[in-house]
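See structure below.
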Amino acid sequence: MFRRFAAVARTSTLAAALALGVTALPASAATAAAPAQPASPARPSADHGPAPAVTEHLRGKARTAMRAGTATEPRVGVKRRAGDWAFGTAVLATAPGSPELPQGWLFVAHRENGAWKVALEGEPGFTGLAAEAEPVLEAAERRALAATGAAGSTSFDSSSTGTTEGGMTPQLAGGDYRTGMALPFTVGQTWYMTSGPHGWSGAGSPWSSLDFAGGDQVVRAARRGTAYTMCKGWVRVVHDRGYATDYYHLVSNINVDGAAVAAGAYLGYTGNDVTCGGSSTGRHVHFALRQNGAYVGIAGHDFGRWRPENGGSAYAGSALHGSRRVGAGGQLYNYGALGFNQGIIDTNGSGTALNKRSGPGTGYAVVGSVADGVGVTVSCSKNGTTHTGRFGSTALWNRLSDGTWVSDAYMWTGVNGPVSGYC
């Protein structure tokens, strides 16, 4: 069973060893143009290239994407150009040491009647342009980027209220918070979660991010997807189901433009790189969750069979694996990804194993037990006797792959309701 978490978060930073050097970027100028409209036409440049149009779009974007007074420097990377189509990265860099991290998007641009129409990830025109951009986007990329505009609820939970970082409105996945992701390091390793849920740029909402350090310091893709280097030290992987993950402060990171990466693929090493701006203390990876073109609250999602929970302030919080809770500064073992038809047994802190029954209710015989924190596969579900667990009361029972039954009140699946349909 699954319920969204309603608390809010604060940090205890556990500095990992060896702080690395910071690379300076040229001084940037503050921008104060009017906000850009999605997929808005821009004046053609002298050479008819897309970069000036994308830059103009970014300058307008700065007001909604950044806090007031933040100095930004638009950086446009035109990665592909074919006739009247272009694709690439659009970054609002900040100065090294700035309290604000950079904001960045993939863009698609199309020239019509001599003017370039530009759309960034998360804007209404992006998925439409991406779907048509066959000259510059592979079929797999078009499918993945189209999924970032999937329809869903626009309502926020308490972990993502207020102004959304990046100036976008996330389209949450209608109560389905399964990610199919591992933690962003090697499965089987244990790393420190140096900071619990916090914003991409600190305390601001949504609390989309976690910090990790330790192990062999090799940062890996949390799930298969298509990878893009936003700038030095910053990689984005676009996954299925509208999700993407960001990895910042990397050193020796991959330099890719739409490369297919497998789950666990090498992305870089933990570090303190702030080439695109912001600050970093203690070698780590800043790991963030995006959905439908915007950062979203990371609490309640599953990574490596742990689900983060917000704390009383940004950077605090914890992560749960079954009933086991680890706070910020603690160590998390990467169990690997949880399947979409699987769940984690959570006995709600009782410390005892959960009885398995021969049918969907306590009137049926006990035919075994399963320990807290164990991952199980669900064949189908059916209503039976009502029980109360961590996330409330439910009459739903799940039939496991071995034919036994357990109450959904004592299982986290990421979904309110059956994960494999009704029996």
Side-chain angles (χ1 to χ4, degrees), residues 2 4 35-40 57-58 61 64-65 87 89-92 103-108 118-133 137 140-181 197 199-201 204-210 221-228 230 234-247 258 287-303 308 340 414-416:
F2 172 77
R4 290 288 289 157
Q37 296 301 314
S40 57
H57 197 89
L58 272 178
K61 187 78 180 164
T64 55
F87 173 79
T89 56
V91 172
L92 284 171
Q103 296 283 351
W105 304 267
L106 302 175
F107 77 82
V108 177
V118 177
L120 309 179
E121 282 179 283
E123 292 180 340
F126 180 78
T127 54
L129 280 180
E132 299 173 10
L137 291 176
E141 286 182 289
R142 295 199 304 276
R143 287 192 297 270
L145 295 177
T148 66
S153 170
T154 58
S155 62
F156 296 111
D157 68 357
S158 60
S159 67
S160 53
T161 54
T163 302
T164 301
E165 290 178 312
M168 304 295 191
T169 301
Q171 305 289 310
L172 301 181
D176 184 347
Y177 297 95
R178 296 173 294 178
T179 66
M181 296 183 194
W200 173 249
S201 287
S205 64
W207 291 346
S208 60
S209 307
L210 301 169
R223 181 169 170 80
R224 69 179 184 273
T226 307
Y228 304 88
M230 304 302 292
W234 182 6
V235 174
R236 175 168 298 165
V237 180
V238 177
H239 309 285
D240 50 7
R241 305 174 71 249
Y243 285 114
T245 47
D246 276 11
Y247 311 76
F287 173 70
L289 181 67
R290 294 170 63 87
Q291 189 175 16
N292 303 326
Y295 294 110
V296 293
I298 201 166
H301 294 81
D302 178 84
F303 303 92
F340 292 114
V415 178
N416 280 325

ask   = Does a side-chain heavy-atom distance below 4.5 Å link Tyr247 with Trp234?
value = no
query = Centres of the His301 and Tyr243 rings: under 6.0 Å?
reply = yes
ask   = With a 4.5 Å heavy-atom cut-off, do Arg241 and Asp176 have their side chains touching?
value = yes
task = Specify the closest pair of heavy atoms between Arg290 and Val296, including all atoms of both residues, with the distance to one decimal.
result = C-CG2, 4.2 Å
remark   = Between Ile298 and Ser209 the two heavy atoms that sit nearest each other are CG2-N, 4.2 Å
request  = Check whether any side-chain heavy atom of Lys61 sits under 4.5 Å from a side-chain heavy atom of Gln103, and report yes or no.
outcome  = no
key: Trace of the side chain to side chain contact (heavy atoms under 4.5 Å, CB included) decision for Tyr177 with Gln291   = CA-CA 11 Å; Tyr177 297 95; Gln291 189 175 16; 5.7 Å; no
query = Closest heavy-atom contact between Leu210 and Pro197?
reply = CD2-N, 3.5 Å
task = Search all heavy atoms of Leu120 against all heavy atoms of Phe126 and return the closest pair with its distance.
result = O-CB, 3.2 Å
Test item: Leu106 and Met230 side chains (from C-beta on) under 4.5 Å apart, heavy atoms = yes
Heavy-atom closest contact (Val415 atom, Arg178 atom, distance) = CG2-NE, 3.3 Å
remark   = Result for side-chain contact (heavy atoms from CB on, under 4.5 Å) between Leu289 and one of Phe303, Trp200, Tyr295 points to Phe303
query = Hey, does His57 have a side-chain heavy atom less than 4.5 Å from the side chain of Trp105?
reply = no
query = Do other residues, nucleotides or ligands put more than 12 heavy atoms under 6.0 Å from the CZ atom of Arg142?
reply = yes
task = Could you check Thr245, Asp240, Thr179 and say which one makes a side chain to side chain donor-acceptor pair (under 3.5 Å) with Arg223?
result = Asp240
message = Give me the atom names and distance for the closest heavy-atom approach of Ala146 to Thr127.
response = O-CG2, 3.7 Å
